[in-house]
Protein chains: 2
Amino acid sequence: MGNAPEGKSRGHTRASAAEGVERALKMLEGRWKLEILFHLFGGNVLRFSELDRAIPGVSQKMLIQQLRQLEAEGIVARTVYPEVPPRVEYRLTDWGQMLCPALDALLGWAAARP
Amino acid sequence: MGNAPEGKSRGHTRASAAEGVERALKMLEGRWKLEILFHLFGGNVLRFSELDRAIPGVSQKMLIQQLRQLEAEGIVARTVYPEVPPRVEYRLTDWGQMLCPALDALLGWAAARP
DNA sequence: CGGAATCCGATAGGATACTG
DNA sequence: CAGTATCCTATCGGATTCCG
């Protein structure tokens, strides 16, 4: 492709790397997603109402919206127990758990700010 | 604080880690920021017009806006040469360069999607 | 060349009320 | 309990025009 001065860790082109990271970031964008994720990291399993109470300021609409998006992306798993009253539990998928070190790298970078 | 099942890599509380990552992500949010960053990674130094041409679809307004935000956050450095016609160059700061491995971690995670 | 200023539509997110 | 549905606002981003 003309010029590739030197590769970054993998064999991506600048364009595809930008797109890939962009897609990854899009999955995490949203006012409440990170807060949800950090409550679920470590294998925690929480019900809708527990998340609602654990995250101050979130509305039910936003909470369910962000959860649904995380679920659609395969980061969060949703389990419905056919009981009455209804019980729904949220946890991270295996892949979702793998986000932790990546976010930690980002946190480390932010902490290194001059 | 009641319960701390087990810490993640560092000594952060869930709340502060979420906030920290949230701040980091906010710096990278914006339609064109990643594309800008990937053009500057590796020590590349580009003029405004070069970035403009290198990033198809971006308007001057958006380009300058995203550049200004990256500059304000200390990720990008802007150098003005008092010539005529004017010349302005953009490059990453040292700290900005350090973003690369963190984004690569994110890319690696995205690539591991089941 | 490297912007700034203005207008304008789309979307993200908040408040509130209602439901199976 | 775990959501829907509706309305409303603020911010984001695009298009265009003008300036030193």
Side-chain angles (χ1 to χ4, degrees), chain A residues 18-19 21-40 44-73 75-92, chain B residues 18-19 21-40 44-73 75-92:
Chain A
E19 286 175 40
V21 177
E22 210 141 358
R23 270 194 298 274
L25 277 189
K26 267 211 139 187
M27 300 182 190
L28 308 176
E29 277 176 30
R31 179 72 182 79
W32 307 98
K33 284 187 186 166
L34 287 177
E35 204 158 343
I36 292 171
L37 290 181
F38 276 91
H39 278 284
L40 260 28
N44 295 336
V45 179
L46 294 174
R47 303 179 55 160
F48 183 84
S49 53
E50 292 177 312
L51 279 168
D52 196 13
R53 266 175 276 114
I55 304 178
V58 73
S59 68
Q60 292 187 321
K61 169 196 164 182
M62 286 312 295
L63 183 54
I64 193 63
Q65 177 188 108
Q66 309 276 292
L67 281 169
R68 287 278 147 87
Q69 291 179 9
L70 289 169
E71 188 195 358
E73 285 144 1
I75 298 173
V76 159
R78 176 173 178 268
T79 314
V80 182
Y81 297 89
E83 310 171 354
V84 43
R87 180 162 60 106
V88 179
E89 289 182 346
Y90 293 90
R91 78 200 68 207
L92 291 180
Chain B
E19 287 175 37
V21 177
E22 209 141 357
R23 269 193 299 274
L25 277 190
K26 269 213 138 189
M27 299 182 192
L28 307 177
E29 278 175 31
R31 179 73 181 77
W32 308 98
K33 286 188 186 165
L34 286 178
E35 206 159 341
I36 292 171
L37 289 180
F38 275 91
H39 277 284
L40 297 178
N44 296 336
V45 178
L46 295 174
R47 302 179 56 158
F48 183 84
S49 52
E50 292 178 313
L51 279 168
D52 196 13
R53 266 175 275 115
I55 304 178
V58 72
S59 68
Q60 292 186 324
K61 169 195 163 182
M62 287 310 296
L63 183 54
I64 192 63
Q65 177 189 109
Q66 310 275 291
L67 281 169
R68 287 279 146 87
Q69 291 177 10
L70 290 170
E71 188 195 358
E73 283 144 1
I75 297 172
V76 159
R78 176 173 177 267
T79 314
V80 182
Y81 296 90
E83 309 169 356
V84 43
R87 180 162 60 104
V88 179
E89 289 183 348
Y90 294 90
R91 77 200 68 205
L92 291 180

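Residue numbers begin at 1 in each chain, while the letters A, B, ... track the order of the sequences. Heavy-atom basis, side chains included; hydrogens, waters and symmetry copies ignored.
- Among residue pairs with one or both ends in residues 75-92 of chain A, those qualifying as salt bridge (Lys or Arg N to Asp or Glu O under 4.0 Å) are A:Glu83-A:Arg87, A:Arg87-A:Glu89, A:Glu89-A:Arg91; sequence neighbours excluded.
- Rounded to whole Å, atom C1' of D:dG14 lies 12 Å from atom CD of B:Gln66.
- With rounding to the nearest 0.5 Å, the separation of NZ in A:Lys33 from CD in A:Gln69 is 4.0 Å.
- Of all non-hydrogen atoms in B:Glu35 and A:Ala18, the two that sit nearest each other are CA-CB, 4.4 Å.
- With a 4.5 Å cut-off on side-chain heavy atoms, B:Leu37 and B:Leu28 count as touching.
- Residues A:Gly57 and A:Lys26 each lie close to DNA chain C; by heavy-atom proximity, the contact nearer the 5' end of the strand is made by A:Lys26.
- Rounded to whole Å, the distance from CE on B:Met62 to P on D:dA15 is 11 Å.
- Here C:dG13 presents its P atom at 13 Å from CG of A:Leu63, a figure rounded to the nearest Å.
- Residue A:Gln69 is out of contact with every strand shown, counting any heavy-atom pair closer than 4.0 Å.
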Under a 4.0 Å heavy-atom criterion, the protein footprint on nucleotides 1-9 of chain D, written with B, S and -, is BBBSBBB--

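- A sub-4.0 Å separation between OP1 or OP2 of D:dC12 and a side-chain N or O of B:Arg31 is absent.
- Smallest separation of non-hydrogen atoms from B:His39 and B:Leu51: CB-CD2, 4.2 Å.
- If you measure from atom CG of B:Leu34 to atom P of D:dG13, you get 12 Å, rounded to the nearest angstrom.
- When the P atom of D:dA15 is taken as reference, atom CG of B:Asp52 falls 13 Å away, rounded to whole Å.
- The distance between atom CD of B:Gln65 and atom C1' of C:dA4, rounded to the nearest whole Å, is 12 Å.
- A straight line from CD of B:Glu83 to C1' of C:dG2 spans 13 Å, rounded to a whole angstrom.
- Not one side-chain nitrogen or oxygen of B:Trp32 sits closer than 4.0 Å to the OP1 or OP2 atom of D:dC12.
- No donor-acceptor distance shorter than 3.5 angstrom exists from the side chain of B:Lys26 to the backbone of B:Glu22, with no hydrogens or angles considered.
- Computed from C1' positions of five pairs at each end, the angle between the two local axes of the helix from C:dC1-D:dG20 to C:dG20-D:dC1 equals 50°, rounded to 10 degrees.
- Side-chain contact between A:Gln60 and A:Phe48 is present, with at least one heavy-atom pair separated by less than 4.5 Å.
- Checking each of B:Ile36, B:Leu40, B:Val88 against B:Leu46 for a side chain to side chain contact (heavy atoms under 4.5 Å, CB included) leaves exactly one that passes, namely B:Leu40.
- Closest approach of A:Val58 and A:Ile55 over heavy atoms only: CG1-O, 3.2 Å.
- When the C1' atom of C:dG3 is taken as reference, atom CG of B:Leu51 falls 14 Å away, rounded to whole Å.
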